[in-house]
Number of protein chains: 2
Amino acid sequence: MIGDCSATYSGRASSTLDWGERLVLVKSDGSVVIHKREGYEPVNWQPSGCIFDTLIQPDGLLKIRAIRPSSRESLDIRFRSVFLIVELNLADRGDFLLYASEEDMKRAIVKYPSLIEDGFRPTMKEKRQPSGFIDVFGLDKNGDPLIVEIKKGLIRKEAVFQLGRYVSRMREGNPRVRGMIVAPSLGKGTAKLLKTLKLEFKQLSPKTCLDALQKERRARESMLSQRLCAHDD
Amino acid sequence: MIGDCSATYSGRASSTLDWGERLVLVKSDGSVVIHKREGYEPVNWQPSGCIFDTLIQPDGLLKIRAIRPSSRESLDIRFRSVFLIVELNLADRGDFLLYASEEDMKRAIVKYPSLIEDGFRPTMKEKRQPSGFIDVFGLDKNGDPLIVEIKKGLIRKEAVFQLGRYVSRMREGNPRVRGMIVAPSLGKGTAKLLKTLKLEFKQLSPKTCLDALQKERRARESMLSQRLCAHDD
DNA sequence: ACGTCGATCTCGAAC
DNA sequence: GTTCGAGGTCGACGT
């Protein structure tokens, strides 16, 4: 729908959106998105799972209420005028594939541990901890425990602290426990922080991991690029 | 635009989206959003700042390329068929107001420190620290330093650790430093964690803060609610 | 339901 | 520019 509307949200916070022309998507899975003329993000929204209550008020204004029972949130949209309403049943069976996620790096490291360090033997993926997960856990060539924290982007202090907590906890039992951050690059102050907490850093990019996995990927990728990129200039 | 399209993204990661019917928003600020029939989030997108390159390929397919120079990312959209194209110049001068954010709580506490504790005198907001910010800093009625960490939602362990780091650092210089979490509620394991780290908890809801601030807000709010909610059922 | 974490997170603000 | 923390984050996965 496109039209002159206003909106009020109430739930985890409250918001009011004054009158103006916007584009509103109401989807069959119970999600709502209100887009202003600018910006990637919607100004108001409701994730899927909403119950809709649509009515024409006594004064003639169209009102759509989207209530999400699970989180007790509600979004009210009122239309003063409507320029366009389109109702669609989109036929969409096209697959979406994303490459080079952190999960890809994890899989590459478990499959080819030498990406990290010679002699490394991973024993567990997603090891449960009192507070949180360890990405990869294993033993180094000397048999010492090695905790690996993987990030696909720049390392920030928060990630170092996260690993630091796991490691310090395990060092209470065994002071030889090693902690290692694996990522393509380090943020500014993180190098010193790593040193302070006696943690290590191994540079590794998602691309390198992808390349390592490419043998199994090649078939699928070439198939896709044939279909999708055949018409590229 | 609504039509049968496919898309490839390349940048921080890579993705391919196979043919299917979707809704595509192309905005004048250089942002793009591709929505499938379901889901609150777009399947593909590009934040604002894109340069567009639109062309009809030799084979007759419409192709839109959105390149974001700042982050060297590109999104290619190809249309096999187009059901609808609408070009709009939305007139939207309506304000968006969000209430009960963490910022609101901060402002309420600085203005009415007794919300936290009698005799509390805040001295700084957003105090810079070696790693991160302190929301509110001040002296209690005994003159001891009090570090306040504000959250508007449920407290998670991460927030406790964050405060713990600030406090332990400051306790090196002065062991009487107090640390306090201010939030509407505590997560499951956090009460024990607070005790361990010798931190305190003060229950305070965003709503209470809003009420405290309402004297100054009332004028604006009543104005808005008159305009927006006059037609409510 | 809660807890944790990744994300093409986005966005803003500070340095 | 980079770094950093917040978000009505969302979504996924596990307990």
Side-chain angles (χ1 to χ4, degrees), chain A residues 7-15 31-33 39-49 68 70-75 96 98-106 126 128-135 149-159 162 185-190 206, chain B residues 7-17 31-34 39-49 66 68 70-75 96 98-106 126 128-135 149-159 162 185-190 206:
Chain A
T8 56
Y9 159 78
S10 179
R12 282 164 291 182
S14 312
S15 74
S31 54
V32 186
V33 177
Y40 146 82
E41 291 185 316
V43 58
N44 272 120
W45 71 92
Q46 203 69 283
S48 61
R68 207 150 57 112
S70 56
S71 52
R72 282 195 268 291
E73 295 178 290
S74 69
L75 175 64
F96 175 71
L98 182 66
Y99 306 96
S101 62
E102 186 181 311
E103 184 56 34
D104 286 318
M105 295 184 71
K106 221 176 288 183
E126 304 259 306
R128 260 212 145 301
Q129 281 300 102
S131 68
F133 282 86
I134 289 173
D135 287 331
E149 171 83 22
I150 302 168
K151 295 283 173 203
K152 84 182 169 58
L154 192 81
I155 287 299
R156 301 180 179 194
K157 286 173 187 165
E158 204 44 46
Q162 193 182 329
S185 58
L186 273 180
K188 191 115 176 291
T190 48
Chain B
T8 57
Y9 159 77
S10 178
R12 285 163 291 181
S14 312
S15 75
T16 56
L17 176 64
S31 53
V32 186
V33 178
I34 306 180
Y40 146 83
E41 291 185 315
V43 58
N44 272 120
W45 71 90
Q46 202 71 279
S48 61
R68 207 149 58 109
S70 55
S71 52
R72 282 194 263 291
E73 295 178 290
S74 69
L75 175 64
F96 175 71
L98 184 66
Y99 305 96
S101 60
E102 188 178 310
E103 184 56 34
D104 286 316
M105 295 184 71
K106 222 175 289 182
E126 305 257 307
R128 257 218 146 299
Q129 282 299 103
S131 66
F133 282 87
I134 290 173
D135 287 330
E149 170 82 23
I150 302 169
K151 294 286 172 202
K152 80 183 169 54
L154 193 81
I155 286 299
R156 304 183 179 188
K157 285 173 185 163
E158 199 46 47
Q162 194 182 328
S185 58
L186 275 180
K188 192 119 173 285
T190 48

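Naming: A, B, ... by sequence-line order, numbering from 1 per chain. Side-chain atoms are counted along with the backbone in the values below, which use heavy atoms only and exclude waters and symmetry mates.
B:E73 comes within 4.0 angstrom of a base, heavy atoms only. Within 4.0 Å of A:G187, counting heavy atoms only, lie sugar-phosphate atoms of the nucleic acid but no base atom. Residue contacts for B:L75: at a heavy-atom cut-off of 4.0 Å it reaches no nucleic acid atom on any strand shown. The residue A:Y40 sits close only to the backbone: its heavy atoms come under 4.0 Å of sugar-phosphate atoms, none of a base. Heavy atoms of A:Q46 sit under 4.0 angstrom from at least one base atom. Residue B:F96 is out of contact with every strand shown, counting any heavy-atom pair closer than 4.0 Å. Residue A:S70 is in sugar-phosphate contact alone, with no base atom involved, counting any heavy-atom pair closer than 4.0 Å across all strands shown.
For the pair B:P47 and B:W45, the tightest heavy-atom approach, listed with the atom from each and the gap, is CD-CD1, 3.8 Å.
Distances from the side chain of B:E41 to the nucleotides D:dT3, D:dC10, C:dA7 place D:dC10 closest.
Each of A:M105, A:Q162, A:R156 was evaluated against A:K151; a single residue qualifies, A:Q162, per the side chain to side chain contact (heavy atoms under 4.5 Å, CB included) test.
Taking the charged nitrogens against the carboxylate oxygens, B:E73 and B:R68 do have a contact shorter than 4.0 Å, which makes a salt bridge.
Put simply, A:R12 has a side-chain N or O that comes within less than 4.0 Å of OP1 or OP2 on D:dC10. B:K157 has a side-chain polar atom (N or O) that falls below the 4.0 Å cut-off from OP1 or OP2 of C:dT4. Side-chain N/O atoms of A:W45 include one lying less than 4.0 angstrom from OP1 or OP2 on D:dC10.
Judged by distance alone, with hydrogens and angles left aside, B:E102 brings no side-chain donor or acceptor close enough to the base of D:dG7 to form a pair under 3.5 Å.
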